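Please read all numbers here as calculations on a predicted model, not as lab measurements.
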Amino acid sequence: MASALPVSLEDIRAAARRIDGRVVQTPMVRSASLSEIAGVPVWLKLEHHQTTGSFKLRGATNAVLSLSSAQRARGVVAASTGNHGRALAHAAKAQGAVATICMSRLVPENKVAEIRRLGADVRIVGRSQDEAQQEVNRLVREEGLVMVPPFDNPDIVAGQGTLGLEIIDALPEAAIVLVPLSGGGLAAGVAAAVKGVSPKVRVIGLTMEQGAAMKASLDAGRPVQVEEKPSLADSLGGGIGLDNRVTFAMCRALLDDVILLTEAEIAAGMRHAYACESEVVEGAGAVGIAALLAGKIRSGGPVVAILSGRNVDMEQHLRVINGEDAAFGEDHP
């Protein structure tokens, strides 16, 4: 399995050594409320406690450290829905490099502001991840910047996979791992790590109903474009790239299932995280909880849900907690 795929278990272990001491080994805690609901032990991997508020720091740090000093001196660039940009800005700054982050107008302002605070050059382009990527391609072509993609890159995937190593090390008896699914960097890395150590564990990707590019691509048997729409899980938006070289093949080979969630279900996950787990998570980080609450996960053994990020606009979070934003896509055209 691993030898035929772009990222192996050994690549992930090498990434773990490379980023050791530069990222947080985040806690994993048992949820009494979700365990009772699911009828099996449910554990939460609190990756939203990561330094930049999401798992993206793992991949960005591994990718930046894998560049030569000459490449870092040219500056790095990426398209982002927010969290990768923040992570890349942080990782680049730590190595004395300049980061340029290209984002669409759909990216929430709180994420844009934080990236600027970290010293990155921010470019707002168009209304989709694909349009932002076109600006990245121009900067690479005309100004010589080095692209560090948000997901479709072996170093990024290997870095995200270190999270999977931590999960299976902490809970070797896990039966299912629930992972947020967007471009597939996290899902591919976690699945490669978890299944590389324990092949019988099921890894399930979770995403929103609206604009689920990887799900549409897996159904079609090839990468396809989808229309991006506003969602509480905005970090899961964006395409996977029609020339995808890494994550599509890995998700197709390694994911056991992909489950779609409505905006109301995602909102319920965010509310449960806050009310019952005392955790503030963004919509993308709440999809594991959402799937369990909606009864969409059946397991005969322990389940791990990854809470992938906390970088939510707090005004929006308050609306969700108060039950005012449960149908985001319908209320916000």
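Residues forming a salt bridge (charged side-chain N to carboxylate O under 4.0 Å, His left out) with K296 (at least two apart in sequence, or on another chain): E265. Residues forming a side chain to side chain contact (heavy atoms under 4.5 Å, CB included) with A73 (at least two apart in sequence, or on another chain): none. With sequence neighbours left out, E142 forms a salt bridge (charged side-chain N to carboxylate O under 4.0 Å, His left out) with R138. Under the side chain to side chain donor-acceptor pair (under 3.5 Å) criterion, S33 pairs with S31, H272, E277, sequence neighbours left out. Residues satisfying the salt bridge (charged side-chain N to carboxylate O under 4.0 Å, His left out) test with E10, not counting sequence neighbours, are R13. Every residue two or more places apart in sequence or in another chain that forms a salt bridge (charged side-chain N to carboxylate O under 4.0 Å, His left out) with K215 is listed here: D219. A search for side chain to side chain donor-acceptor pair (under 3.5 Å) contacts involving T26 returns K45, E47, not counting sequence neighbours. Listed by chain and residue number, nothing satisfies the side chain to side chain donor-acceptor pair (under 3.5 Å) test with Q129 (two or more places apart in sequence, or in another chain). Partners of R117 by side chain to side chain donor-acceptor pair (under 3.5 Å), not counting sequence neighbours, listed by chain and number: E114.
T162 and R58 are linked by a side-chain donor-acceptor pair at a separation below 3.5 angstrom, with hydrogens and angles left out of the test. For the residue pair K56 / S235, no side-chain donor-acceptor distance below 3.5 Å is found, with atom types taken as modelled. Defined by atom type and a distance below 3.5 Å, a donor-acceptor pair is present between the side-chain atoms of N83 and E282.
Shown here is R222, whose CZ atom has no more than 12 heavy atoms of other residues, nucleotides or ligands within 6.0 Å. Residue-environment remark: CD (Q25) stays at or below the threshold of 12 foreign heavy atoms within 6.0 Å.
Within the structure, the ring pair (Phe, Tyr, Trp, His ring centres under 6.0 Å) test picks out no pair touching residues 10-44 (sequence neighbours left out). Applying the ring pair (Phe, Tyr, Trp, His ring centres under 6.0 Å) test to residues at least two apart or on different chains, none of the pairs has a partner in residues 62-107.
The shortest distance between side-chain heavy atoms of R271 and V320 falls below 4.5 Å. A 4.5 Å side-chain heavy-atom check between R86 and I101 finds every atom pair outside the cut-off.
Listed by chain and number, the hydrophobic cluster partners of V224 come to none, as no ILVMFWY side chain reaches under 4.5 Å of it.
What you find for P223 and L242 is that their closest heavy atoms are O-CD2, 3.5 Å.
Between the side chain of S35 and the main chain of V42, a donor-acceptor pair closer than 3.5 Å is present. Side chain of E143 to backbone of L139: no donor-acceptor contact under 3.5 angstrom is found. The backbone N or O of T247 lies less than 3.5 Å from a partner atom in the side chain of D152, making a donor-acceptor pair.
Between the CG atom in D130 and the CD1 atom in I240 there is a gap of 10.5 Å [rounded to 0.5 Å].
By the rule that hydrophobic residues join a cluster once side-chain heavy atoms approach within less than 4.5 Å of another member, L171 and V177 end up as members of one cluster.
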